[in-house]
Amino acid sequence: MKEIPSIEEIKQHLESYPSVTKADAELHAERIREILEIKKKHNVVILGHNYMEPLVFECSEEQERGDSYGLSEYAARTDADIIVFNGVRFMAETAKVLNPEKKVLIADRTAGCSLADNFTAENVKELKQKHPGVPVMIYINSYADAKAESDVVCTSANAAKIAKKLPGNKVIFVPDILFAQNLAEELRGVKEIIYPEEGRGAICEVHEKFSIEDINAVRKSFEIPKGHPKRMIYAHWECRPEVLREADFYGSTTQIRKDIAERVSKGMLEKAFVASECELTSNLAAEFPQVQFYTACSVRCSHMAKITIEKLHRLMKAIDSGEDLSEWEVALPEEVIEKARKPIEKMLELGR
Ligand code: 13P
Ligand code: SF4
């Protein structure tokens, strides 16, 4: 772990985020420094999903930040004594399955996800019965007991890749209906994607908000015409199929970040709009000040937003003082851990 920055350095860095005001930096720099000190003292890893608001994102080092896939990979190889997951509960559960002997903590255990919350292990079993012998690929945005009933897990960074590697010409994909439709389009002629009927699967309540009319309006208002070499519209796989078709690039949150980094290094990006959670754009804008980002800050994931700097600080103080941590602990029944481990490990093997 690198040297802990001074309060002044933290303030300066916070001010590089266009969405963080001078007052925010002033108010929270000391708290962030204290979190970083406790982190070092107790050998804690703080995994930070790309959707974390800047104040929280600052508590994770570069290698501890990422998309669901990157963070699972990191969790699989960490030698930290305690894992604090700044993300939503299904992500922390995945880290727990991969580290059953470690303490895995989340600053707010009620941080859900409209995909994971609306699809159960029973729903997986029903689909398996309906399509016997067809492999089940479950999106990581699901709880461990639903994963335990599936053959392989995938994330938005590797769904197409893993589906192609599964046996047979059909794959059941759950629970995200819009993602499934996008995947079916991507894999047309290669794999048939079977997914839950309308009303029986789930949809991301954040990404469904972007309509094709919004994307067209963004193109017009911010002068991002289709095919422009330096102006881009990015979309996440969870968006509607017509939005993905219109986007210039689609991928996981980290794949979007990597594409931006690559274009910036070649001087090939001046304007961008990202059809995804708004804090992703806040974090990208701080990292790539050369790019003019447009953002839709009404599109925030209320579940991710539950992880605040104040709650994280309280949790870290409890670690430091040796308090009972059960309020934050992600615990799972042993048999669920055992069964869910296989499909998660299969993803780590096939998704590489
Ligand atoms: P990523 O795996 O692309 O980070 O996405 C997670 C998520 O919840 C998207 O809404
Ligand atoms: Fe779930 Fe959507 Fe929030 Fe991602 S953005 S955690 S998919 S509700």
Side-chain angles (χ1 to χ4, degrees), residues 47-53 56-57 60 64-76 85-95 106-119 137-143 146-147 153-162 173-183 186 201-210 234-240 243-244 247 249-260 274-284 287 295-307 344 347-348 351:
L47 300 177
H49 186 263
N50 291 325
Y51 288 165
M52 287 298 102
E53 59 166 71
V56 174
F57 209 47
S60 299
E64 297 169 327
R65 300 173 178 186
D67 61 6
S68 312
Y69 182 58
L71 296 179
S72 309
E73 263 198 317
Y74 195 90
F85 212 118
N86 288 340
V88 288
R89 190 161 55 87
F90 76 79
M91 296 179 176
E93 278 194 357
T94 306
I106 183 165
D108 188 332
R109 279 197 309 194
T110 70
C113 164
S114 65
L115 291 170
D117 294 342
N118 292 306
F119 204 77
M137 180 168 84
I138 191 164
Y139 193 26
I140 195 160
N141 295 42
S142 53
Y143 292 118
K147 287 186 176 83
V153 172
C154 73
T155 77
S156 54
N158 53 33
K161 190 177 190 177
I162 293 177
F173 176 70
V174 291
D176 187 338
I177 295 179
L178 297 179
F179 194 158
Q181 291 168 352
N182 290 326
L183 199 57
E186 175 100 356
I203 284 179
C204 166
E205 67 194 19
V206 177
H207 291 85
E208 72 160 337
K209 286 192 182 137
F210 294 100
Y234 291 92
H236 192 275
W237 273 100
E238 292 164 11
C239 288
R240 297 170 182 280
V243 169
L244 235 71
F249 179 99
Y250 54 86
S252 78
T253 54
T254 291
Q255 288 168 340
I256 291 172
R257 178 185 166 268
K258 280 191 180 149
D259 187 78
I260 293 172
V274 186
S276 189
E277 213 270 355
C278 122
E279 297 295 11
L280 170 64
T281 305
S282 309
N283 296 326
L284 291 170
E287 193 175 356
T295 187
C297 261
S298 53
V299 189
R300 180 95 239 254
C301 172
S302 62
H303 311 284
M304 292 278 182
K306 284 189 171 171
I307 310 300
I344 296 173
M347 167 186 76
L348 296 174

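We number each residue from 1, following the sequence as shown. We count ligands from 1, going down the list as the structure has it; atoms in each ligand are counted the same way.
Using a 4.0 Å cut-off between heavy atoms, Tyr51 contacts ligand 1 through its side chain alone, with no backbone atom that close. Residue contacts with ligand 1, taken as heavy atom pairs separated by less than 4.0 Å, involve Ser68 via backbone and side-chain atoms alike. Residue-level proximity to ligand 1 for Thr254 is absent, since no heavy atom of it falls below 4.0 angstrom. No part of Thr155 comes within 4.0 Å of ligand 1, judged by heavy-atom distances. Using a 4.0 Å cut-off between heavy atoms, His207 contacts ligand 1 through its side chain alone, with no backbone atom that close. Using a 4.0 Å cut-off between heavy atoms, Glu238 contacts ligand 1 through its side chain alone, with no backbone atom that close.
Residue-ligand proximity: Glu277 is placed with every non-hydrogen atom at 4.0 Å or more from ligand 2. At least one heavy atom of His49 sits closer than 4.0 Å to an atom of ligand 1. At least one heavy atom of Ser156 sits less than 4.0 Å from an atom of ligand 1.
Looking at ligand 1, you'll find an N or O of Asn141 within less than 3.5 Å of one of its N or O atoms. In terms of polar-atom proximity, Tyr139 is not counted as a contact of ligand 1, lacking any N or O under 3.5 Å from an N or O of the ligand.
Residues Phe173 and Cys154 approach most closely at CE1-SG, 3.5 Å, considering heavy atoms. Across every non-hydrogen atom of Lys147 and Val153, the tightest pair is CD-CG2, 3.8 Å.
Near Ser252, meaning under 4.0 Å from any of its heavy atoms, are these atoms of ligand 1: 3 (O). Within the listing of ligand 2, atoms 7 (S) sit less than 4.0 angstrom from a heavy atom of Leu115.
Under the 3.5 Å distance criterion, with hydrogens and angles disregarded, a donor-acceptor pair is assigned to the side chains of Asp117 and Tyr143. Between the side chains of Tyr139 and Ser68, not a single donor N or O lies within less than 3.5 Å of an accepting N or O.
Of the protein's non-hydrogen atoms, Cys113 SG, 2.4 Å is the one closest to atom 1 (Fe) of ligand 2. The nearest protein atom to atom 3 (Fe) of ligand 2, hydrogens excluded, is given as Cys301 SG, 2.4 Å; this is a heavy-atom distance. For atom 2 (Fe) of ligand 2, the nearest protein heavy atom (residue, atom name, distance) is Cys204 SG, 2.3 Å. In terms of protein heavy-atom proximity, atom 8 (S) of ligand 2 is closest to Ser114 N, 3.6 Å.
Taking the centre of each ring, Phe249 and Tyr234 come in below the 6.0 Å mark.
Between the choices Met304, His236, Arg257, the shortest heavy-atom distance to atom 5 (O) of ligand 1 belongs to His236.
Panel note: side chain Ser114, backbone Glu205; a donor-acceptor pair is recorded below 3.5 Å.
Few gaps surround NZ on Lys209; more than 12 heavy atoms of other groups in view lie less than 6.0 Å from it.
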